[in-house]
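Some notes on the structure that comes next.
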Amino acid sequence: MVATATITGIGTAGLFGLSCSNTQRRNLSSRCVKMTVSVEEEKKNFTLKKSQEAFNIAKELMPGGVNSPVRAFKSVGGQPIVMDSVKGSHMWDIDGNEYVDYVGSWGPAIIGHADDQVLAALAETMKKGTSFGAPCLLENELAKMVIKAVPCIEMVRFVNSGTEACMGVLRLARAFTGREKLIKFEGCYHGHADPFLVKAGSGVATLGLPDSPGVPKAATFETLTAPFNDIAAVEKLFEANKGEISAVILEPVVGNSGFIPPKPEFLNAIRRITKENDALLIFDEVMTGFRLSYGGAQEYFGITPDLTTLGKIIGGGLPVGAYGGRREIMEMVAPAGPMYQAGTLSGNPLAMTAGIHTLKRLQEPGSYEYLDKITGELVQGILDAGKRAGHSMCGGHIRGMFGFFFTEGPVYDFSDAKKSDGAKFARFFQGMLEEGVYFAPSQFEAGFTSLAHTAEDIQHTINAAEKVFRKI
């Protein structure tokens, strides 16, 4: 079941009551107590002087001073932070400030940053080289793990990013069905390829931009949109475009408009509608894959799509993406079939190694139960603190993915998400930075926990939120 604000919080003392073999979690517990103390001590001297100097230089070298727009802090104001190092559940910037991190490199760091086992495996792999431009055994190993884990995947193609995975899967859906139209949902982000930049969420929404300039009308002419969680709207699109729709693509849990779970009947209905119309169902699990459960959102909800995109976690923090699905569909991909897609660094040994060792760690007993407990405690603690201070809030979580909005809610789609008080979120974000807590610098991004987060991390965050809510 989806955990929401109505669920009673779990006591902090119970966070370690779960029997779990994850060695990193046990080892980090005592260390992070000391880290939390250091955050409390150092926040009094909170400064971003070095970050400001570095960012001013960066603006002369890179558009906006960044290589991905959300990092520029446009929607939250203040000084963008230049990071220096990460470990476990914590980050350090170049000014020496320490933060409990709930971005997790935007999702990949599910076992914690700079995990010792992953780093050791990467060091050994690098001795053989960083890229072959040829097949390697590591591709087979990770492919077997992905196919075994994800219900719909019988064959998989590795690429270099989530955007690339979504580009490939759309071309494949069109090639297999012989149709060109696509249905996506408002506020869902599937990368920055032209056909997807229609009513996209995430960075586009964060910056308040219209559908991106530079995208030809012809590139988006076949893209149809509907509000997330609106079954009737999807049915009307199929009725108005009979025999023309190749696929429906969606984030099964939206993470790019903030955290928005599906209504109980929604995913089942979309599965039914696509089958009735001989269209394909594509789950974009770049965020949810291996995060909601080992088999992703499709295992968690018990819905099997035709195709799936993956990224983030399967590369353990290195650049990676993948798409996969039923064998008969995937055999359309070159060189097995006529649909062309290629990539110089696809399946490179470093990304494969990091992904393999990350997935091995997630198979340890109790991993997802632990994520569910700490994330539930975090979200409930924040919501309770906010409401005690008189703020209108709603939010929820599933396993290690969460979000909250400054509105009464409920939030079912992007239009609901936009009712959240963005100015208040910005003040909350800046206040939490000064308290040593790093959330995503946008109200339209989901948050992430990891196996490295401890009870002390969670309690420090809730205590910080209590202080900040009283100020804003």
Side-chain angles (χ1 to χ4, degrees), residues 1-5 7 9-10 12 14-16 18 20-22 24-25 28-29 32 86 88-91 100-113 115 118 149-150 162 251-256 258-262 283-301 310-317 355 358-383 395-404 437-440 445-458 461-462:
M1 296 296 290
V2 176
T4 67
I7 294 178
I10 302 166
T12 306
L15 287 174
F16 287 97
L18 180 70
C20 182
S21 63
N22 190 284
Q24 182 192 43
R25 185 157 67 246
L28 280 173
S29 179
C32 283
V86 292
S89 58
H90 287 234
M91 305 173 74
V100 180
D101 175 34
Y102 294 103
V103 176
S105 193
W106 303 96
I110 193 168
I111 64 173
H113 289 294
D115 177 80
V118 173
V150 183
E251 298 176 87
V253 174
V254 179
N256 288 288
F259 174 85
I260 305 175
F283 273 14
D284 179 350
E285 295 223 44
V286 170
M287 276 194 184
T288 59
F290 292 92
R291 178 162 285 277
L292 302 194
S293 70
Y294 192 69
Q298 56 198 265
E299 178 186 72
Y300 183 87
F301 291 111
L310 297 167
K312 299 186 186 295
I313 288 171
I314 65 164
T358 297
L359 298 193
K360 285 181 178 178
R361 294 288 298 283
L362 289 173
Q363 293 179 53
E364 293 183 5
S367 293
Y368 289 96
E369 291 82 358
Y370 182 77
L371 287 172
D372 194 52
K373 280 183 174 291
I374 62 168
T375 315
E377 170 73 8
L378 172 71
V379 173
Q380 195 65 53
I382 290 173
L383 294 177
H397 82 285
I398 301 177
R399 301 287 170 79
M401 184 177 179
F402 70 91
F404 49 87
V437 178
Y438 189 78
F439 286 119
E445 295 283 359
F448 304 104
T449 54
S450 75
L451 294 177
H453 282 85
T454 66
E456 290 78 18
D457 289 329
I458 303 303
T461 303
I462 295 170

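Residues that satisfy the side-chain contact (heavy atoms from CB on, under 4.5 Å) test with V103, not counting sequence neighbours, are D101, W106, Y438, A440. For P252, the side-chain contact (heavy atoms from CB on, under 4.5 Å) criterion is met by L267, F283, E285, T288, A297, not counting sequence neighbours. Annotation: side chain to side chain donor-acceptor pair (under 3.5 Å) contacts of T358 (sequence neighbours excluded): none. Residues passing the side-chain contact (heavy atoms from CB on, under 4.5 Å) test with V254 are C188, F228, E251, S257, I260, sequence neighbours excluded. Judged as a side chain to side chain donor-acceptor pair (under 3.5 Å), and not counting sequence neighbours, the contacts of Y294 are Q363.
With values rounded to the nearest 0.5 angstrom, H113 atom NE2 is found 6.5 Å from S105 atom OG. Separating the CG atom in L451 from the CD1 atom in I111 is a distance of 7.5 Å, to the nearest 0.5 Å. Interatomic distance, F404 CZ to I382 CD1, rounded to the nearest 0.5 Å: 4.5 Å. Here the CZ atom belonging to R399 is positioned 15.5 Å from the CZ atom belonging to F448, to the nearest 0.5 angstrom. Between atom CG of residue L359 and atom CD1 of residue I110 there is a gap of 9.5 Å, rounded to the nearest 0.5 Å. Once rounded to the nearest 0.5 Å, the distance linking OG1 of T454 with OH of Y370 reads 6.0 Å.
Minimum heavy-atom separation, G395 to V379: C-CG1, 4.3 Å. A pairwise comparison of heavy atoms in G289 and I313 identifies O-CD1, 3.5 Å as the closest pair. The two residues S450 and L371 make their nearest non-hydrogen contact at C-CD2, 3.5 Å. Contact record, Y300 with S293: N-OG, 3.7 Å, taken as the closest heavy-atom pair. M287 approaches R291 most closely through the heavy-atom pair O-CB, 3.6 Å. When all heavy atoms of G107 and K312 are compared, the pair lying nearest together is CA-CD, 4.2 Å.
Side-chain contact between T375 and I398: absent, with no pair of heavy atoms (C-beta onward) separated by less than 4.5 Å. At least one side-chain heavy atom of V150 sits under 4.5 Å from a side-chain heavy atom of Q298. The shortest side-chain heavy-atom distance between Y368 and L292 does not fall under the 4.5 Å cut-off.
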query: Does the pair Y102 and F439 meet the rule for a ring pair (Phe, Tyr, Trp, His ring centres under 6.0 Å), with working shown?
result: CA-CA 5 Å; Y102 294 103; F439 286 119; 5.3 Å; yes
- prompt: Between D372 and H397, does a side-chain contact (heavy atoms from CB on, under 4.5 Å) hold up when you go through it step by step?
  reply: CA-CA 8 Å; D372 194 52; H397 82 285; 3.0 Å; yes
